[in-house]
Every structure is written in C-alpha cells, then in structure tokens.
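Okay, structure first, notes after.
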Amino acid sequence: MTPTGDTSTHQVEGPPYQVSWETLSLAELESALEIGTECGCNPRGSRRGHASGIATAMTAGDWQSGIPDIVCLCTHGGISNGRHRCLAAVEARQPLTGWVGRDVPVEVIRYADIGLKRTPADALAGRGVGSYRTALGAAVRLLMLYDTQRDVHWSLWNRTRFTAPKIGDLFDQRYSGVVDTVEAGRQIESGTNCCPSAAAAFAYLMRREGGAERLAETAYGLAGGTPDVRDILAQARTRLSREAKHRGRKADHNRAPYELGLLITAVMAKEAGKARFTFGENSPMPKLGFAEQLAAEAV
C-alpha cells in the first residue's frame, strides 16, 4: 500500500555545502593539501603506506573514481576529508576525479568522521588536543557526572555513557580547561597511582574551585612533597598507592569516581583542619568548595 499521509508540510532544508562531480588538478590538490595541514580543520595524521597503496592502484589503472565517499574542502580551501586519495593522486602524478564538497564546516567533518573517531580520545584529537587524550576524554565524562549527578551515588555512574561526539561537545562547551591542568594531573597520578582520568578531573576541579595556587600546593603534596606522613595529603597518597598495588591490573569501572571522591574528601578534611578523613564504598560524592571562593561568589 502507498502511504496516504500528507507530506506537504515537511520542508527539506538545503545541504550545508555544495557537492559536485569534479576533477581536481595536481596544482589544486597540492595547494589544498598544504592548506589543510596548516588550517587544522582536519588534524589527523596521514598513513603514508595507505596513500601509497592507493597511488599504486591509480598508476595501474585499477582505481574507481565513482566511490561515494566525498573529498571535502573546508571553508579555508583545505582538504578535510579524503586526504589519502589526494595524497595518492599527487604521488601518482594524476588529477583526481570524483565527488567534491566545498566549504564544508569543520563541525560536519567531526561528525561525518565518526568511523575513525569512535572514542572520546579521537573526538579530542579532532579538536587539536595533542596528548593525554584518553585520560582527558574520560575526565570530561567524569566531570559532567560530578556536576550533574552528584545526587546519584557514584557507584551507579558507570551506567551513564556518552558518545564520542557528545564528549567532544562537552569539551567545547564546558570543559576545554582540562588541557590547562594536564601537568598537575600527571603529577597527582604519578604520586598516588590513581587512574589518569580521576587525576585529570580532580586537577581541573581544584583549579576551577580553588585557583591555580591551591592546585599547585595540593598536587605537590599528593606527589610526595609533603614529608609528614601524618599530613592528610600524605595519608591520601599512601592509601591510593596501596590500593593500586593490591588491585593490580584488575578492571574496575568504579575506580575513577571512587578516587575522585577520596581526593576531594581528603582536601576538604585538610581545609577543615582535621587530622584524618574517611571515604568508602558507601560514602556519597563530596562537593569541592572553599570558603573564600564561596564568599567571593556571594559578593
């Protein structure tokens, strides 16, 4: 049966860029490849072996121009998709014929490229993050859960999943500052043996809530700079290191939120002048906050 619904009200918007069947000359390809490398709209690296394999096929006449994957040029005129084909055509010294999209927004490329960007780390690579991407991608997720689901026990946070594009959006909109506290996060991770995402998220929160100076002091103490074993930061460092040693390589989805909660609890206990702190499997996720910060926000 033919559907009888009225489709006249459904308006189809035009495409965000134009696609046409074109032949790109060697000069155009070389220029577009150079621009694409400089503008950063496609920061992925290239696999020279893959490009050479395509070039061999082109030279041997064993290449099909009509493949549906579009060669995309960004708004700067650089190659943002189909780079290996373009590199291969230059290597084979042949023009490239096929479907070409021009003025393709970088946001479209990030989503269209999901075949290669399956992980949060890949999503951050598409935003120019150069290192520590796996930890930072997981930290963005952890921070979002901390900010929005602290009323849910942290042991249940592993039920919430975010796609790679969602992690990228959260990075853009809320947590791009995680890249500014990478060194402090690494320092904390090295001293406590906690997981990288917990260290990265904690470092970000310390700077956001307490400022750069307090973060530096805390990272120094957790990394072993506090010689007094009775100091709360030393207690936290020893406890986390001991637990990491006993755990070994055993996977634990609750490890990152647990370690984040423990670190926050230790810092807040130190802030309150306490000699000890308590945090366990039944403890709620504490809130990180400092008196002078709250006072400043109240003014």
Side-chain angles (χ1 to χ4, degrees), residues 131-143 145-147 150 153-155 157-158 175 177-293:
S131 62
Y132 216 49
R133 292 189 296 265
T134 299
L136 294 181
V140 166
R141 172 185 175 275
L142 187 57
L143 287 165
L145 292 170
Y146 170 86
D147 282 338
R150 207 163 51 250
H153 195 267
W154 51 265
S155 64
W157 286 2
N158 66 332
Y175 302 116
V178 292
V179 299
D180 300 324
T181 54
V182 164
E183 291 307 314
R186 283 176 165 161
Q187 190 178 5
I188 294 167
E189 177 194 351
S190 175
T192 63
N193 285 323
C194 68
C195 64
S197 60
F202 175 71
Y204 172 84
L205 288 174
M206 280 297 301
R207 180 168 180 176
R208 187 180 77 179
E209 305 298 337
E213 184 176 348
R214 182 177 268 115
L215 167 60
E217 293 173 354
T218 302
Y220 178 74
L222 290 171
T226 303
D228 186 355
V229 295
R230 295 170 298 180
D231 183 88
I232 280 189
L233 295 183
Q235 293 176 34
R237 181 178 70 242
T238 301
R239 177 172 165 179
L240 286 170
S241 297
R242 183 176 64 248
E243 291 176 355
K245 182 178 179 180
H246 290 165
R247 180 178 54 252
R249 295 181 177 274
K250 183 179 179 180
D252 184 358
H253 295 298
N254 289 330
R255 179 185 172 193
Y258 164 79
E259 290 176 340
L260 177 63
L262 189 151
L263 288 167
I264 293 175
T265 301
V267 167
M268 296 311 298
K270 183 177 178 68
E271 183 73 12
K274 298 179 180 179
R276 302 180 67 83
F277 73 94
T278 301
F279 187 82
E281 293 182 356
N282 296 322
S283 301
M285 178 61 65
K287 178 176 174 58
L288 184 67
F290 301 96
E292 66 271 25
Q293 184 73 13

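Keep in mind that this is a model prediction, so the values were computed, not measured. The basis for the numbers below is simple: all heavy atoms, side chains too, and nothing from hydrogens, waters or symmetry mates.
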### Task
Evaluate the side chain to side chain contact (heavy atoms under 4.5 Å, CB included) criterion for residues Arg208 and Asp147: first the C-alpha distance (whole Å), next the side-chain angles of each, then the deciding distance (0.1 Å), finally the verdict.
CA-CA 12 Å; Arg208 187 180 77 179; Asp147 282 338; 2.9 Å; yes
### Message
For Phe277 and Leu262: C-alpha separation, side-chain torsions, deciding distance, then whether side chain to side chain contact (heavy atoms under 4.5 Å, CB included) applies.
### Response
CA-CA 9 Å; Phe277 73 94; Leu262 189 151; 3.9 Å; yes
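Arg230 places no side-chain N or O within 3.5 Å of a backbone atom of Ala275 that could act as its donor or acceptor partner. Between the side chain of Ser241 and the main chain of Thr192, a donor-acceptor pair closer than 3.5 Å is present.
Of all the heavy atoms in Ala139 and Ala201, the pair that sits closest is CB-N, 3.9 Å. Considering all non-hydrogen atoms of both residues, Tyr175 and Leu143 come closest at OH-O, 3.4 Å. Shown here for Arg237 and Gly191, the closest heavy-atom pair between the two residues is CG-O, 3.2 Å. Looking at every heavy atom in both residues, Ala219 comes nearest to Ala184 through CB-O, 4.2 Å. When all heavy atoms of Gly185 and Ala199 are compared, the pair lying nearest together is O-CB, 3.3 Å. Scanning all heavy atoms of the two residues, the minimum distance from Trp157 to Pro257 falls at CE3-CB, 3.7 Å.
Using a 4.0 Å cut-off between charged side-chain N and carboxylate O, Glu217 and Lys270 make no salt bridge. Salt bridge present: Glu183 and Arg186 bring a charged side-chain N and a carboxylate O closer than 4.0 Å.
In this structure, OG1 on Thr265 lies 9.0 Å from CG on Leu260, to the nearest 0.5 angstrom. Between atom CZ of residue Phe290 and atom CE of residue Met206 there is a gap of 4.0 Å, rounded to the nearest 0.5 Å. Taken to the nearest 0.5 Å, the CG atom of Leu142 stands 12.0 Å off from the CG atom of Leu136. The distance from the CD1 atom of Ile264 to the CD atom of Glu271 is 13.5 Å, given to the nearest 0.5 Å. Annotation: the span from Asn158 atom CG to Leu145 atom CG amounts to 9.5 Å, rounded to 0.5 Å. We find the CD1-CG distance between Ile188 and Asn193 to be 13.0 Å, quoted to the nearest 0.5 Å.
Using a 4.5 Å heavy-atom threshold, the side chains of Met268 and Pro286 count as separate. When side chains are defined from C-beta on, Ile232 does not count as touching Val267, because their heavy atoms never get closer than 4.5 Å.
The aromatic rings of Tyr258 and Trp154 lie tilted to each other, with the angle between the two planes from 30° to 60°.
A side-chain contact (heavy atoms from CB on, under 4.5 Å) with Leu240 is found for exactly one of Gln235, Glu259, Glu189, Lys245, namely Glu259.
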